[in-house]
Protein chains: 2
Amino acid sequence: MNLILLSPDDITADGGATIRDPRRLRHLREVHRATPGQRLTVGIANGAMGRAELTALDADRASFALAPLEEAPPPALPVHLVLALPRPRMLARTLEHVTALGVKKISLLHTRRVEKSYWQSPELEADRIRRHLVLGLEQARDTVMPEVTLRRGFRPFAEDVLPDLLTHRRGLVAHPGMAMACPRNVTRPTLLAVGPEGGFIDWEIERLLAAGCEGMHLGPRILRVETAVTALLARLF
Amino acid sequence: MNLILLSPDDITADGGATIRDPRRLRHLREVHRATPGQRLTVGIANGAMGRAELTALDADRASFALAPLEEAPPPALPVHLVLALPRPRMLARTLEHVTALGVKKISLLHTRRVEKSYWQSPELEADRIRRHLVLGLEQARDTVMPEVTLRRGFRPFAEDVLPDLLTHRRGLVAHPGMAMACPRNVTRPTLLAVGPEGGFIDWEIERLLAAGCEGMHLGPRILRVETAVTALLARLF
């Protein structure tokens, strides 16, 4: 927790902030070993960041005096990540990694090799997803919450949604055996599609290319989804 | 397990291979759903890779007929990774990530902000480290085992070992606030030093720079060690 992310609910009438949830209170006590008078980095969800003084800390609450918050959050990556839904534990870690790296648009997609049971996981509940996004923002000192969209049908996504997304973005599909190596140092808006463990099937690749995506590869090694996504984002941008 | 990594002990007198350990047998049955006659990718530790036919699978053993193995393992990254010892669970995952990415030389280093208790972790036993390296190789379809060295003293490493390592390598230290952005598309031999959660202390950075390393940064975001190491390797090489 390199930043304490304050929601509008945390802001008090006098312009300070009070947090009451056990996770953040425990972190303040056990990791920061925070004591009143200490100054910590805070940020308003989807807003500015700055320093705040801890004015009180007890078992139930921590209170902060907020100086004017004037620092902008770090730049976002210019990417819409389309990710075949990973298994639940991998999803949790991947959401944290990509949020920390600055991804702001994430679509979780069904594909042939995604196990249908993954769509029943409690990790897909809005609160659980939000928890992982918050952990990623707190880690990276960012305040801007990513948007996560669930796309439970491949064909409707590829045929009806993807062409619109590609009107203002370059589409890239990471897939072994493609001719083009992953581009580097990209600055223009990009859509990055990443398949499941086991990859997209040929028919899916054809649909993604038909919609306007370019295929590219990250080399001969087969990587786990969470490693591949981090490596792709770091190489691309 | 995208490759079955065979050790010399697994090779039988008739030139085939037999594996007996529960982990790989379970994986063959439950993930590959393998049946005799099926062809799978195998590799000899530190040697060649190719396809092998599963000739028998029962509760205690799996036997393979090996065709001549003629495929070379994928290229390694030209990097010696010097990593401040992470906490044990992070170490386990990071060893798997970097092995899958192709790192072949790893030094785990003590620094001021590494908790001393981490050096007592059973994760540092040779067998446990080897297990994570094998998982990384099996994932990426590689056979070449990385070398892991434990460096329990920062000063002896920085003063006595590092200068020798830098006679044939460019040294890079990833550290927030450095002037140079992380280079891209590097092909020459490189030593990459990555600090612990909380970073190197100033004195350590001074020693690393004095030994000939260049400082560089990965941007304004604070990343967890496992995310940062993967991102650095993917951007550098």
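Every chain is numbered from 1 and lettered A, B, ... according to where its sequence line falls, protein lines coming before strand lines.
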Worksheet item: Looking at B:Val98, B:Thr190, B:Leu232, which one forms a side chain to side chain contact (heavy atoms under 4.5 Å, CB included) with B:Leu81?
Response: B:Val98
Side chain, backbone, both or neither: which part of [X] has an atom under 4.5 Å from a heavy atom of chain B?
X: A:Leu101; result: both
X: A:Arg224; result: both
X: A:Thr94; result: neither
X: A:Pro75; result: both

Which of [options] touches chain A most, by non-hydrogen pairs under 4.5 Å:
options: B:Ala140, B:Gly102, B:Ala228; value: B:Ala140
options: B:Leu3, B:Leu236, B:Asn185, B:Leu218; value: B:Asn185
options: B:Pro220, B:Ala231, B:Pro73, B:Cys182; value: B:Ala231

Worksheet item: Just wondering, are more than 12 heavy atoms of other shown residues or ligands nearer than 6.0 Å to CZ in A:Arg130?
Response: no
Thinking salt bridges, do [X] and [Y] make one under a 4.0 Å N-O criterion?
X: A:Glu71; Y: A:Arg141; value: no
X: A:Arg170; Y: A:Glu214; value: yes
X: A:Asp142; Y: A:Lys104; value: yes

Worksheet item: When only pairs under 4.5 Å are counted, which of A:Gln139, A:Glu226, A:Arg235 shares the most heavy-atom pairs with chain B?
Response: A:Gln139
Worksheet entry | Between OG1 on residue A:Thr35 and CG on residue A:Leu57, distance to nearest 0.5 Å |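 Between A:Thr35 OG1 and A:Leu57 CG, I get 8.5 Å after rounding to 0.5 Å.
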